[in-house]
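Okay, structure first, notes after.
Per chain, numbering begins at 1; letters A, B, ... match sequence-line order. Predicted model, so just to flag it, every value in this text is computed and none were measured.
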2 protein chains.
Amino acid sequence: MEEKKMSEEKKTVRAAERALDILLCFVSQPHLGLTEIAKQTQLNKSTVFRLLATLESKGFIKRDPETDKYQLGFRIWELAANIDQSHDPAILFLPEMESLRDELEETVSLYIRDGNERIRVQAVESKQAIRRVAPIGARMPLAVGASSKVLMAYTDPKVLEQVIQDPMWPMGVNKEVYQAQLKQIREEGYAISVEEREAGTAAVAVPIFNRRKQLIAALAVSGPVSRMSVQQMMQFVPNLVKAAEQMSKKIS
Amino acid sequence: MEEKKMSEEKKTVRAAERALDILLCFVSQPHLGLTEIAKQTQLNKSTVFRLLATLESKGFIKRDPETDKYQLGFRIWELAANIDQSHDPAILFLPEMESLRDELEETVSLYIRDGNERIRVQAVESKQAIRRVAPIGARMPLAVGASSKVLMAYTDPKVLEQVIQDPMWPMGVNKEVYQAQLKQIREEGYAISVEEREAGTAAVAVPIFNRRKQLIAALAVSGPVSRMSVQQMMQFVPNLVKAAEQMSKKIS
DNA sequence: TTTAATGTTTCATAGTATGAAACTCTGTTC
DNA sequence: GAACAGAGTTTCATACTATGAAACATTAAA
């Protein structure tokens, strides 16, 4: 008799979930042994063994004949090569992002929401010596930062309910205050953050919509607080908005 | 009461297998609906629905907000970016392959065995107007072609047993004759095929070994039969062998 | 208003996935 | 060279998960 977990909504398949978890172990380390994987995923060795056999039989992983360790297989390539890039903001918007970077001389990033996280799917860095460094592919909580707020402002409110549970959620910020902020962002069309997620860094972000006015991504300019006063960032807004509009037109 | 399938050796996890099958649907088509996937994989709609939910929750696929269809997600990128390339023949051997192409002026391909198939993991095409076109990533049966024979010659004989079941297996070629061919290939160190797999095309292939004399891949030169007489191909062999030896040294 | 074609949910049941433990194999330590 | 440690592999009874049929919801076409 298990306790009934609250608001647990899962219609997912456990075995498949675990197989995918195993695959994800390889994002940080390219070579892994069975026992290592079992430890990381908290799964029984037998379970890992069978799932590895499954993944191997389908070509998603292979064993290095030298070391006998497991590594990612060719099927991953095959899939990656077939990702539809014609709608992929990360590729589509690169030219506009580069123009914007050249105009403002600060790092420009593109974020999308993925569940209760955001992902930096594209970035072009400022050419200045002191600059915001922005690794592509990085995942961050959806709780704080200018881009997070933009993404939240145009996202189903029930996501907010979940995000509030996030350990990154800033203590003391209550829902009503935050919702008021989101409302303001919707009215003004941009969000600003100063040292919210990372010390020394400030950012200003705007939404990118498709033709149907659905949110696609958040476009952000970020840099050191020394160069990014609130006043300065507000001067950036028109450039950001213009770029976002151009991007919108590119989306089918 | 099911009939006992003969020599069925599976210690794989069905649910995981099915999830991966679903992923593989996307290699040919980038956008797919649930029903389409169910049809292709021969799975029940409910099953597909749940597995799709699982794949989506882990970020392996996402839904296009426009069309509501499914497509591959960001996690695939993430994984692909982390494939260990330092041991990957496809990248490691490219320089040698280019040199060989320039020497022989014909298309050079690199194949590895994957189960009962071979995959063209790398290729550099001839610069001539009439040339063998060789898409990277293509999968072909392990039954016919010079590269297949090379791969088979140095592979566990029980793979041959399975390959003989392959519908591509040339009728009339019996096992003993084929095994004698493989023996000859092991003695001479190369294999030749003329219009075996594809009309108008001939090829000559050699094995690439690692330091422990284990087979890594097959290196092949292919072109139109008009330029690739058996005599001509035999003159290519020393170049191929030399390239293969250089490649062997590159493997740790 | 039908009809058809999606995607989604429910539910009883079959049978699969599971973990503990036993076992093998290789290499290390004393 | 015996004992040990650590990897990977196999076995097996059992619990519980994954499953498919069918009903349902939603939207688009006729």
[X] side chain N/O closer than 4.0 Å to the phosphate oxygens (OP1, OP2) of [N]?
X	N	result
B:K11	D:dT10	yes
A:T47	C:dA17	no
B:R18	D:dT19	yes

Worksheet entry | Shortest non-hydrogen contact between B:V108 and B:M97, atoms and distance | O-CE, 3.6 Å
Practice prompt. Grab the two heavy atoms, one from A:F93 and one from A:M247, that are nearest each other, plus how far apart they are.
Written response: CE2-O, 3.4 Å
Look at the side chain of [X] against the base of [N] and say whether a donor-acceptor pair falls under 3.5 Å; ignore hydrogens and angles.
X	N	answer
B:K45	D:dG20	no
A:R50	C:dG19	yes
B:S46	C:dT8	no

Worksheet item: Going through the checks in order, is the salt bridge (charged side-chain N to carboxylate O under 4.0 Å, His left out) test met by B:E187 and B:K183?
Response: CA-CA 6 Å; B:E187 284 162 5; B:K183 183 154 176 282; 3.4 Å; yes
Starting from [atom2] on [N], measure out to [atom1] on [X] and report it in whole angstrom.
X	N	atom1	atom2	answer
B:K69	D:dA28	NZ	C1'	14 Å
B:D68	D:dA28	CG	P	10 Å
A:E17	C:dT16	CD	P	21 Å
A:R63	D:dA7	CZ	P	14 Å
A:R14	D:dA18	CZ	P	6 Å
A:L51	C:dG19	CG	C1'	13 Å
B:N44	C:dT13	CG	P	18 Å
A:F49	C:dT24	CZ	P	15 Å

Worksheet entry | DNA chain D: 5'-proximal contact among A:A16 and A:Y70 (nearest heavy atom) | A:Y70
Practice prompt. Could you work out which one of D:dG8, C:dT8, D:dA18 sits closest to the side chain of A:A15?
Written response: D:dA18
Item to complete: For residues A:F26 and A:Y70, establish whether the separation of their ring centroids is below 6.0 Å.
Response: no
Worksheet item: Taking the six-membered ring of A:Y111, is the NZ or CZ of A:R118 close enough (under 6.0 Å from the centre) and on axis enough (within 45°)?
Response: yes
